[in-house]
Amino acid sequence: MASDNYKYKILLMGNPNVGKSVIFSKLTGLDALAANYPGTTVTYTIGTISFNDKKGTLIDVPGTYSLDVTSEAEKIAKDFLNQGADGIIFVLDSTNLERNLNLAFQVLEYKIPIVFVLNMLDVAKRKGIEIDVDKLSQLLGAPVIPQIAVLGQGLKKVLQTTFKVIEEKRIANFSIIGQDNWEKAKYIASQVQVKKLVSGKIPLVEKLDDLTVTPWPGLPIMAFIILVSMALVVGGGKAIRSVILLPLFNRFYIPFIENIVHTFLNLGFIQNTIGSIIDLTIFSNILVGDFGVLIKGVEWPIALVLPYVLLFYFILSILEDSGLLPRLGILVDGFMKKIGLQGGNIIPIFLGYGCAVPAILGTRAATTLKERKIISILVTLSVPCVSQTGAFIVLLGNHSFWLVLLMIGLSFLVLFSTGQILAKIIPGKVDPIIIEVPNLLYPNLKALFRKVFIRIKNFMIEAELPMIMAILFAAVVYEFGILKSLGEILKPLIVSWLGLPQEASILLVLGIVRRELAVLPMMEMGLTTQQLFVGATVAMFYMPCISVFGVLAQEFKFKFALFIALFTTSFALLLGGIINHLINLFSLLASLLGVM
Ligand SMILES: Nc1nc2c(ncn2[C@@H]2O[C@H](COP(=O)(O)OP(=O)(O)OP(=O)(O)O)[C@@H](O)[C@H]2O)c(=O)[nH]1
Ligand SMILES: [Mg+2]
């Protein structure tokens, strides 16, 4: 028997998308990301659980269909089993019992004390599936606890039973032998499960469930949903920005902060100390001037970008939790094949429109290295993150909304053509589509708000500090004339090749810190339409920001990260220059022909 302080090691396992992470979060109180598609958890999360005086370390193992080790997730799951554990909580999706039991039998071979949680009973009910829990428990020779994880009822029972089987070292005692795992799974499912026709009106989700998996009417429905989502982010973002945030910022925040800074700098004691070392006008400019850190450091991330980030994550979370995203994957499979990928890869690409870091981590669910590399290159090169998209909308949308659309079109064109080339030159194979179609679910509102809150919190933490540091840096180089020297050095590139003003050299420096910083400073530069478009093109395809570089180096080799940085930077500068010269040439021809 274990000592009082002993923590049992407990694995939380099961197929992908069965609710493990929801159960994990409820049992441990930690936030594990959950979403309605397979492969949300690609690496494990560890938390602590306790019941009375008993304690355990619970590990949220990535979901797998088998233990065959064809993907990173399966490798992690198998490694955990090989290392051994005191107990397993095995989550079953009651709407997919047979497939779930197939994995269960593979896990049972490890002879570790086990408890089954029969989850998603609400969805099963909606589909007219009824399961005889007692009989299932009897056939499996282990406890089975019915559950609707999102509601979180009965979790105490899960804890109690888990510690009980562990202490009793109760290994599943099932009696069906002599058949292969699939046959056993099929047999048990047939014994415990009854499928009835649902009487009465079919709920809307159930209808949509069927309509969204075939090209007709699936594709138009999806196109409609995506267009409405985009309109909500763009229109809603603009409304929040111009009706609420900017007036607050301009009328209250700026006068308030300027007042404080000026009062502070006018204090005799400050004049005598700091004032005797540096010119206080410079100091004031660094704090509240054109590039003032207390002005731009708040205006850019909060008044300009945050509304778009908030709405984007809200909509992304709804798409994720409803199960619409993987359906989109099935519908666009043919298109994805052309760029060397398969439908399921739409999920990491979609995540990339939020931020490339989770997108690159999300590629772990992909089965081949070729897919992982193609997605990572495409996301880094031509998928703008949400902060950058927000910045584009602010910068270009103020001028003409067509410019925003043109920019989006250009990014798709690059994504598609680069994908086609990468598909040919990157060695390796791509497996046929493997994504399963999850049940369509009504997003749970509490879980949804929590998820958006966490994402916004992360955005604030990850964006604010680097942003302030970068703006401070920009303010200092600007005020001390260093920007001028940098501009001189980069003049051939910035002025002659790209046709931008010399001061635009700062964009290339700031863009390394955060992608939106390669865009936002252009607002203060009084650029022409041509310059705006060229500048935006460079920013769009420019190198990954520091965090993305870090995750690329961690997930692949450092050399690969370096290659992507060099490739994207050269591509951005080359394309920007070509566009600039083409427009020049076009204007020249037009004026020669007397059109303009
Ligand atoms: N309606 C309903 N939805 C549930 C239930 N349990 C989980 N979900 C939802 O199902 C989806 C999948 O849950 P996750 O916890 O991410 O699944 P997972 O098993 O961790 O999946 P992977 O990380 O991909 O292995 C999420 O959208 C959950 O909100 C349930 O009992 N009922
Ligand atoms: Mg998970």
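Ligands are counted one by one from 1 in listed order, and the atoms in each one are counted from 1 as well. Here, residue 1 is the first one in the sequence, and each next residue gets the next number.
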Quiz item: Short question: side chain of K451, backbone of A34 - any donor-acceptor pair under 3.5 Å?
Solution: yes

Quiz prompt | Under-4.0 Å heavy-atom contact with ligand 1, by part of I148 that carries it | solution = both

Quiz item: With a 4.0 Å heavy-atom cut-off (strictly under), which part of A35 contacts ligand 1: side chain, backbone, both or neither?
Solution: backbone

Quiz item: Can you tell me how far OG1 of T363 sits from NZ of K373, rounded to the nearest 0.5 angstrom?
Solution: 11.5 Å

Quiz item: Which bit of N36 is near ligand 1, meaning a heavy atom under 4.0 Å away: side chain, backbone, both or neither?
Solution: both

Practice problem: For atom 10 (O) of ligand 1, find the nearest protein heavy atom and state the residue, atom name and distance (0.1 Å precision). | Solution: M120 CE, 3.4 Å

Quiz item: Are F549 and F558 close enough that their ring centers fall under 6.0 Å?
Solution: yes

Exercise. Just let me know how L121 lines up against ligand 1, side chain, backbone, both or neither, with a heavy-atom cut-off below 4.0 Å.
Key: neither

Quiz item: So which protein heavy atom does atom 28 (C) of ligand 1 come closest to, and at what separation?
Solution: V22 CG2, 3.7 Å

Quiz item: Do other residues, nucleotides or ligands put more than 12 heavy atoms under 6.0 Å from the NZ atom of K157?
Solution: no

Quiz item: Can Y37 be said to touch ligand 1, with heavy atoms closer than 4.0 Å?
Solution: yes

Quiz item: Which protein non-hydrogen atom lies closest to atom 32 (N) of ligand 1, naming both residue and atom, and how far is it?
Solution: D122 OD1, 2.9 Å

Self-check item: Nearest neighbour of atom 17 (O) of ligand 1 from the list S317, G19, G63, S21, on a heavy-atom basis
Solution: G19

Practice problem: Please indicate whether F453 has more than 12 foreign heavy atoms, meaning atoms of other residues, nucleotides or ligands, lying under 6.0 Å from its CZ. | Solution: no

Quiz item: Do N100 and N15 have a side chain donor and acceptor closer than 3.5 Å?
Solution: yes

Quiz item: Quick one: nearest non-hydrogen protein atom to atom 24 (O) of ligand 1, plus distance?
Solution: G39 N, 2.7 Å

Practice problem: Around atom 9 (C) of ligand 1, find the nearest protein heavy atom and jot down its residue, atom name and distance. | Solution: L441 CD1, 3.6 Å

Quiz prompt | Sidechain-backbone polar pair: N36 side chain, E320 backbone, donor-acceptor under 3.5 Å | solution = no

Exercise. Answer yes or no as to whether an N/O/S atom of T40 is found below 2.8 Å from the Mg ion (ligand 2).
Key: no

Practice problem: For V18, counting its heavy atoms only, list the atoms of ligand 1 lying under 4.0 Å from any of them. | Solution: 17 (O), 18 (P), 19 (O)

Quiz item: Considering distance alone, does some N or O of Q147 sit under 3.5 Å from an N or O of ligand 1?
Solution: no

Self-check item: T41 contact mode with ligand 1 (heavy-atom cut-off under 4.0 Å)
Solution: both

Self-check item: Polar atom proximity, A149 to ligand 1 (N or O, under 3.5 Å)
Solution: yes

When the side chains of residues 41-52 are checked against the rest of the protein, which donor-acceptor pairs come out under 3.5 Å, sequence neighbours left out?
from	atom 1	to	atom 2	distance (Å)
T41	OG1	S21	OG	2.8
T48	OG1	K7	NZ	3.4

Quiz item: Ring centres of F459 and Y313 under 6.0 Å apart?
Solution: no

Quiz item: Looking at atom 19 (O) of ligand 1, what's its closest protein heavy atom, distance included?
Solution: K20 NZ, 2.7 Å

Quiz prompt | Identity and separation of the nearest protein heavy atom to atom 12 (C) of ligand 1 | solution = N17 OD1, 3.1 Å

Quiz item: With a cut-off of under 6.0 Å to the ring centre and 45° to the axis, is R372 in cation-pi contact with F556?
Solution: yes

Quiz item: Can you list the atoms of ligand 1 that are under 4.0 Å from a heavy atom of T40?
Solution: 22 (P), 23 (O), 24 (O)

Self-check item: Residue A34 vicinity, atoms of ligand 1 by number, heavy atom under 4.0 Å
Solution: 14 (P), 15 (O), 16 (O)

Exercise. Take every heavy atom of V150, measure it against each atom of ligand 1, and state whether any distance is under 4.0 Å.
Key: yes

Self-check item: Check: K186 main-chain N/O paired with E98 side-chain donor or acceptor under 3.5 Å
Solution: no

Quiz item: Can a salt bridge be assigned to the pair D209 and R327 using a cut-off of 4.0 Å between side-chain N and carboxylate O?
Solution: yes

Practice problem: Would you check if the side chain of N119 reaches a backbone N or O of D93 as a donor-acceptor pair within less than 3.5 Å? | Solution: no

Self-check item: Polar side-chain atom of K125 near backbone of E130 as donor-acceptor pair, under 3.5 Å
Solution: no

Quiz item: Tell me, which protein residue and heavy-atom name are nearest atom 6 (N) of ligand 1, and how many Å apart are they?
Solution: N119 ND2, 3.1 Å

Quiz item: Within the stated cut-off of 2.8 Å, is an N/O/S atom of S21 closer than that to the Mg ion (ligand 2)?
Solution: yes

